[in-house]
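The block underneath contains the structure these notes are about, expressed in C-alpha cells.
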Amino acid sequence: MDSLNQPLRILRELDSLLSQPVELVLIGRAALALGYNKPLPHFFSTMDVDSVISKEQLNAIETNFDFWKANEALNKVLESEGLYFTHIFEESQIVITPDWYSHTERITAEPFKWIQLFRPSTIDLILTKMMRNDPEDFADIDFLLNQLNLSEIDLLKPSLEKARIPKVPEIEEIYNQCKSKLLDILNT
C-alpha cells in the first residue's frame with residue numbers, strides 16, 4: 001500500500017530533506033488518506049499535500065528557512081512524478097471554525113524524524129471541503145460524515161453557523177450553497 005500512498009511518499013521525501021522540526025496540519029485528501037483508520041483507496045492517489053497554519057504559527061513557519069528550502073527541493077525532486085507539497089493556507093484563507101487549532105488531532109501514520117503531523121477535527125475538515133461546491137468534495141464530505149458519531153453530528157450544525165468564511169464573495173456564495181446541501185443531507 002505504501003508504494004501507492006502518494007501523500008506518504010511526498011511527506012517521506014520532505015522529511016528526508018529537513019534538518020529541523022516542523023509541524024504540519026494537513027487538509028485535503030492527504031488528511032483523509034493519513035488521518036483516518038479506514039480511508040478510501042482513492043485518497044492515496046492524490047498528487048499533492050496541502051496544509052493550514054494558525055495565525056499563531058504564521059511567523060514560525062514563515063521564518064523556518066529549513067522548511068522552505070526542503071519544500072522547494074522536494075517539489076523539484078518529485079516534479080517528474082507530478083507530486084507536490086503545494087499549498088500552505090493561512091487559516092483566514094479557508095472555511096474553518098474559529099477555534100479549529102485547539103481541536104487538531106495527531107496523525108500517526110508513520111514516525112517521521114522531523115515532521116509532526118496533525119489534521120483538523122472531522123467537522124473542520126468538512127468545512128474546508130465547502131469552498132468549491134465540487135462533487136468530489138461532497139463525496140469526501142460523505143466519507144467524513146460517516147466518521148462522526150451522533151454527538152459530533154449534533155455539533156456540526158452549530159459549526160456551520162460559526163464557521164469563518166474568507167471575505168471573498170464567490171467563496172461566501174459557494175459556502176452558502178454547500179451549507180444548504182449539507183443541511184438537506186443532515187435533515188434526511
Side-chain angles (χ1 to χ4, degrees), residues 1-36 39-122 124-132 134 136-137 140 144 164-168 171:
M1 177 80 73
D2 283 355
S3 64
L4 302 176
N5 188 332
Q6 304 292 32
L8 192 55
R9 165 102 169 82
I10 294 165
L11 291 165
R12 282 178 180 158
E13 186 68 33
L14 178 63
D15 193 63
S16 75
L17 297 165
L18 290 167
S19 62
Q20 57 185 275
V22 66
E23 178 182 303
L24 298 173
V25 181
L26 302 183
I27 58 174
R29 288 251 168 111
L32 302 182
L34 302 175
Y36 291 90
L40 300 177
H42 66 276
F43 295 159
F44 298 118
S45 63
T46 186
M47 304 298 278
D48 66 349
V49 171
D50 297 325
S51 69
V52 59
I53 55 172
S54 68
K55 61 184 173 198
E56 294 82 14
Q57 292 184 300
L58 187 56
N59 187 55
I61 195 76
E62 285 179 342
T63 59
N64 186 338
F65 300 111
D66 180 64
F67 169 76
W68 293 108
K69 182 180 169 186
N71 188 49
E72 184 178 338
L74 163 81
N75 287 334
K76 285 181 183 173
V77 167
L78 297 180
E79 182 178 28
S80 65
E81 297 175 52
L83 302 176
Y84 302 92
F85 191 111
T86 51
H87 296 103
I88 300 175
F89 294 96
E90 294 178 34
E91 65 180 66
S92 62
Q93 297 175 310
I94 63 172
V95 177
I96 204 156
T97 60
D99 60 346
W100 73 274
Y101 188 72
S102 63
H103 301 286
T104 57
E105 296 187 27
R106 181 81 185 232
I107 296 175
T108 56
E110 174 166 314
F112 293 101
K113 182 175 182 181
W114 299 111
I115 299 173
Q116 293 181 27
L117 284 181
F118 297 86
R119 66 165 174 83
S121 72
T122 300
D124 279 310
L125 278 173
I126 289 170
L127 293 173
T128 67
K129 293 284 186 178
M130 296 176 63
M131 293 177 52
R132 295 188 312 178
D134 180 281
E136 284 187 13
D137 285 334
D140 293 349
L144 290 164
R164 275 196 324 228
I165 305 158
K167 297 195 183 311
V168 176
I171 293 176

Approximate separation, where rounding is to 0.5 Å, of Glu79 CD and Leu74 CG: 11.0 Å

Leu11 CG to Phe112 CZ distance, which is reported to the nearest 0.5 Å: 5.0 Å

Arg29: which of Asp50, Asp140, Asp137, Asp48 passes salt bridge (charged side-chain N to carboxylate O under 4.0 Å, His left out): Asp140

Heavy-atom pair of closest approach, residues Ala30 and Pro7: CB-CB, 3.8 Å

Closest non-hydrogen atom pair between Val52 and Pro120, with its separation: CG1-CG, 4.5 Å

From Ile10 atom CD1 to Glu81 atom CD, the distance as rounded to the nearest 0.5 Å: 9.0 Å

Any donor-acceptor N/O pair, Glu91 side chain to Lys55 backbone, under 3.5 Å: yes

Asp15 side chain to Lys113 backbone, donor-acceptor under 3.5 Å: yes

Nearest non-hydrogen partners of Ile61 and Trp68, listed with the distance: O-NE1, 2.6 Å

Sub-4.5 Å side-chain heavy-atom contact between Tyr36 and Leu125: yes

Heavy-atom neighbours of Glu136 CD exceed 12 at 6.0 Å: no

Phe44 backbone acceptor or donor facing Asn5 side chain under 3.5 Å: no

Any side-chain heavy-atom pair of Val25 and Tyr101 under 4.5 Å: yes

Heavy-atom donor-acceptor pair, Trp100 side chain to Asp124 backbone, under 3.5 Å: no

Shortest non-hydrogen contact from Ser19 toward Trp114: O-CH2, 3.4 Å

Pairwise side-chain contact, Pro166 with Val95, heavy-atom cut-off 4.5 Å (strictly under): yes

Residue pair Ile88, Phe67: steps toward the side chain to side chain contact (heavy atoms under 4.5 Å, CB included) verdict: CA-CA 12 Å; Ile88 300 175; Phe67 169 76; 3.3 Å; yes

Test item: Leu78 and Tyr84 side chains (from C-beta on) under 4.5 Å apart, heavy atoms: no

Donor-acceptor contact present, side-chain Ser45 to main-chain His42, <3.5 Å: yes

Exam field: side chain Asp99 to backbone Ser102, donor-acceptor pair closer than 3.5 Å: no

Heavy-atom closest contact (Leu32 atom, Pro39 atom, distance): O-CB, 3.4 Å

Inter-residue atom distance Phe65.CZ - Gln20.CD, 0.5 Å rounding: 10.5 Å

Flag if over 12 foreign heavy atoms under 6.0 Å of CD, Glu72: no

Shortest non-hydrogen contact from Leu127 toward Thr97: CD1-CG2, 3.5 Å

Distance in Å, Gln57 CD paired with Leu24 CG, rounded so as to fall on 0.5 Å steps: 9.5 Å

Approximate separation, where rounding is to 0.5 Å, of Ile126 CD1 and Lys129 NZ: 11.0 Å

